[in-house]
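Report on the structure given below.
Residue numbers begin at 1 in each chain, while the letters A, B, ... track the order of the sequences. Since this is a predicted model, take the numbers as computed values, not measurements.
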Number of protein chains: 2
Amino acid sequence: MSLPRAKLVRNFPGCPVEATLSYLDGKWKGVILFHLMKGTLRFNQLRRKLPAVTQRMLTKQLRELEESGLVSRTVFPVVPPRVEYAMTPLGMTLKPVVDALAAWGDDYVFCSPEGRELRMSSGGLHAPASPLQAG
Amino acid sequence: MSLPRAKLVRNFPGCPVEATLSYLDGKWKGVILFHLMKGTLRFNQLRRKLPAVTQRMLTKQLRELEESGLVSRTVFPVVPPRVEYAMTPLGMTLKPVVDALAAWGDDYVFCSPEGRELRMSSGGLHAPASPLQAG
DNA sequence: CCGCATCCTAGGGGATACTG
DNA sequence: CAGTATCCCCTAGGATGCGG
């Protein structure tokens, strides 16, 4: 009753980064949060945003997010069924994280000019620097 | 020669968040970056920072980070061997991301007062709100 | 529309031992 | 010190089908 931390903290990670990442673990949690940040979505709406996700996996990851207290699941007892997913207040505290993730993806993975510049000059793969850059 | 993007982008993710997370994928990459952000480290120095990591896994994850261009590996041809790992310029662009991850972990996973408040009030697990909070 | 149950596989990741 | 090489297990995650 006084220990929601036990649920939230999964395997007592030693480092704050590790801790946070444990909640984003799984192939789809990050993207789910990213979309839910922008507003409540029904199951199939969410599914359409994630073209590659399986029904099973979407359900599973949503349940885990719910169990972590990051996402709320609201069932409307109507027919056909209507289930809405939304960020909880706790979930919303992840916004800076998700924003940072999204920003980096935009800048350095998708084809922006600055991203390409840096990729060239950092040269991990091609350009040997001073002593012995491994291959 | 003009396509480092092919190496960097692994499976052409559809969303920037997904893209970024694909580089943090694996059990240890986040923590590795977290520690390397603070400065260059030798293999065993890094290992001591990650008490639970296996030699094999540390090597593997470092190689993947290197291949992504986020981390550089410098071999000094001396005996005993000396290998230093450091962030590349591209890797350093992840600092805002890693900082955000670390901050959230500190605030909401480790036992800070605000974190506990929010966990109680967001009540994903216990407190039914209006219609039917699932259980 | 939303989701569970079942079956199945690839590969992530641990343990341990050996090398330059 | 900084790795490879083996073996082996486990489970994340895909495919498919049923049900309210």
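With values rounded to the nearest 0.5 angstrom, A/Glu64 atom CD is found 5.5 Å from A/Gln61 atom CD. We find the CG-CG distance between A/Leu58 and A/Asn44 to be 8.5 Å, quoted to the nearest 0.5 Å. Note: A/Leu70 CG to A/Met87 CE = 6.5 Å, rounded to the nearest 0.5 Å. Between the CZ atom of B/Phe34 and the CG atom of B/Leu24 there is a distance of 13.0 Å, given to the nearest 0.5 Å.
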A correct 5'-to-3' footprint of nucleotides 13-20 of chain C, with B, S and - meaning base, sugar-phosphate only and no protein heavy atom under 4.0 Å, is BBB----B
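A sub-4.0 Å separation between OP1 or OP2 of C/dC1 and a side-chain N or O of A/Arg47 is absent.
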Go through it in stages, so that I can follow the logic: the residues are B/Leu33 and B/Val97, the test is side chain to side chain contact (heavy atoms under 4.5 Å, CB included), and I'd like the CA-CA distance, side-chain angles, deciding distance and then a yes or no. CA-CA 10 Å; B/Leu33 293 179; B/Val97 174; over 6 Å; no
A/Tyr85 vs A/Thr40, side chain to side chain contact (heavy atoms under 4.5 Å, CB included): CA-CA, chis, key distance, verdict: CA-CA 6 Å; A/Tyr85 293 92; A/Thr40 300; 5.9 Å; no
Walk me through it: do A/Ile32 and A/Leu46 pass the test side chain to side chain contact (heavy atoms under 4.5 Å, CB included)? CA-CA 8 Å; A/Ile32 292 173; A/Leu46 202 45; 4.2 Å; yes
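When all heavy atoms are compared, the tightest approach of A/Ala100 to B/Pro96 is CB-O, 4.2 Å. Of all heavy-atom pairs spanning A/Lys29 and A/Leu65, the tightest one is CD-CD2, 3.4 Å.
Looking only at distances, no side-chain donor or acceptor of B/Thr20 sits under 3.5 Å from a matching main-chain atom of A/Ala102. A donor-acceptor pair under 3.5 Å links the side-chain atoms of A/Thr88 to the main chain of A/Gly91, judged by distance alone.
Here chain A contacts DNA chain D (any atom closer than 4.0 Å to a heavy atom, that is under 4.0 Å), and the contacts span D/dA12 to D/dG20 from 5' to 3'.
B/Leu62 places its CG atom 16 Å from the P atom of C/dG12, with the value rounded to the nearest Å.
Sorted by first and then second residue, the salt bridge (charged side-chain N to carboxylate O under 4.0 Å, His left out) pairs involving residues 44-58 of chain A (not counting sequence neighbours) form an empty list. For residues 80-101 of chain B, the set of pairs meeting the salt bridge (charged side-chain N to carboxylate O under 4.0 Å, His left out) definition, not counting sequence neighbours, comprises B/Arg82-B/Glu84, B/Lys95-B/Asp99.
Rounded to 10°, the helix from C/dC1-D/dG20 to C/dG20-D/dC1 has 50° between the axis fitted to its first five pairs and the one fitted to its last five.
Remark: nothing in residues 33-42 of chain A comes within less than 4.0 Å of DNA chain D through any heavy atom.
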